[in-house]
Amino acid sequence: MSQFHQPTKPISYGRQTITDADIAAVVEVLQSDYLTQGPKPQEFEAAFAAYIGSKYASVMSSGAAALHLCALALGVKPGDKVITTPITFTSSANCVRYCGGDVVFSDIDESTYLLDIHKVRRLLEDTPKVERSAYKGVVPVDFAGLPVDMQAWRELADEFGLWILEDACHAPGASFLDKQGVKRRVGDGSLADLAIFSFHPVKHIATAEGGAVTTNNQQYHDAICRLRTHGITRDPAILQENHGGWYYEMHELGYNYRLTDVQAALGIEQVKRAPQGLERRRAIARRYEEAFAGTPVTVRPMPEGFHHAYHLFVVEVEKRLELYNFLRERKIYAQVHYIPVHLQPYYRQFGWKRGDMPVAERYYDHCLSLPMYPALTADEQEYVIRQVLEFVES
Ligand SMILES: *Cc1c(COP(=O)(O)O)cnc(C)c1O
């Protein structure tokens, strides 16, 4: 493709990479005995846990399902308060509502776009002690692929008796160096209680729809696995009766949130290529950073010691709507991540309004996610850069 001509196909902000090996793996399952409840999900779980570095992984039907089962396993109930960021996909907050809890949004840090830990500390400290016990947990999000400082969050959570559910959908493979200089991989179970991932096609690993929970906590893991499949058990150790080989018992109200063997087979192939995909994302980010240095296109510098996974490449510009439309006319489908969740009509009914999260709202007015995915070619990226610079310099 020429750098000067429009691409024949739109260039989106994110998309999957599918190889012949992926297709062969899916076809093989379609020709096998099990389309679901066969061996593939377990095989995918072992491969995913190995990649992430956690003791346990459970795969399921979506990232949203993973968040729901985590909120259930953590015991969220009406009256509980859970803190999260407004700059995330709605699911990070919705999981609390599924269980009847209250979502408390807290503003982001303007240099990282991540939930601002200092503001959360102030929120907790400013809450009278009797009311503070309603706060049960926090859902930090590794927005765009930049990991939160989970060591600092662990300290805060321990101080205030909170659990941590990390929404790591954007950050498989990301890491940071803790205060002791030890490398901490996102979702490795060493700091957060639970971490969740999504296998939607725009994410690093695609299974069409799909998600996972990682943890080092066996109780949480077991609860999530039961809840994923109707709350049913066949474990002889916990059956109350046993009538024969067919016998099972339902001990709690669960769901059908399973990942199929067809999807898991795709996931197994995709996770093998995840390290290469991550390298490619980082190379694309370096090229954007170099191209936009010294221009009116703002790219936030990465904090020292943090290893970004670049699910998104976010820039901030003065005239965001105009740039969005300009790129769209040139077949570049940039996207906005995210409309602040507290401004969604559903959350406004709880009293949230414009002005509550000034940093997030200002960010929302200027942000744009440029194409970022491993299959983006060098020519395509140069075309994107040229169009963005043509807009801001005109
Ligand atoms: C994609 C995503 C989800 C939801 O994942 P699904 O698999 O689409 O349900 C949740 N949180 C964040 C931050 C996401 O990006």
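Atoms within each ligand, like the ligands themselves, are counted from 1 in listed order.
A donor and an acceptor atom, one from each side chain of Q218 and Y220, are nowhere located under 3.5 Å apart.
Heavy-atom contacts of T88 reach the following atoms of ligand 1: 13 (C) (cutoff under 4.0 Å). Atoms of ligand 1 lying under 4.0 Å from at least one heavy atom of S62, given by number and element, are 7 (O), 9 (O). Near G210, meaning under 4.0 Å from one of its heavy atoms, ligand 1 places the atoms 7 (O).
Contact check on K81 versus E131 returns no salt bridge, with no Lys/Arg side-chain nitrogen under 4.0 Å from an Asp/Glu carboxylate oxygen.
The N/O atoms of F89, backbone and side chain alike, include none that comes under 3.5 Å of an N/O atom in ligand 1. Between S198 and ligand 1, at least one pair of N/O atoms sits closer than 3.5 Å.
Within the 4.0 Å heavy-atom criterion, the part of Y338 lying near ligand 1 is the side chain and not the backbone. If you look at C169 next to ligand 1, the close heavy atoms, those under 4.0 Å, all belong to the side chain. Residue S91 touches ligand 1 through its side chain alone, judged by heavy-atom distances below 4.0 Å. Contacts between H170 and ligand 1, counted as non-hydrogen atom pairs separated by less than 4.0 Å, involve the side chain only.
Counting protein heavy atoms only, atom 11 (N) of ligand 1 is closest to D167 OD2, 2.7 Å. With hydrogens left out, the protein atom closest to atom 9 (O) of ligand 1 is A64 N, 2.8 Å, a heavy atom.
Residues satisfying the side-chain hydrogen bond (donor to acceptor under 3.5 Å, both in side chains) test with R258, not counting sequence neighbours, are T229.
For the atom pair CG of L115 and CH2 of W153, the computed distance is 3.5 Å after rounding to the nearest 0.5 Å.
Side chain of D261 to backbone of Q37: a donor-acceptor contact under 3.5 angstrom is found.
The cationic atom of R281 (NZ for Lys, CZ for Arg) does not lie both less than 6.0 Å from the six-membered ring centre of Y373 and within 45° of the ring axis.
Contact of the L327 side chain with the V388 side chain is registered, since non-hydrogen atoms from C-beta on lie closer than 4.5 Å.
Atom 14 (C) of ligand 1 has its nearest heavy-atom neighbour, among H311, M60, K203, H337, in K203.
Sequence neighbours left out, the pairs with a member in residues 155-166 that pass side-chain hydrogen bond (donor to acceptor under 3.5 Å, both in side chains) are R121-E159, R154-D158, E155-K179.
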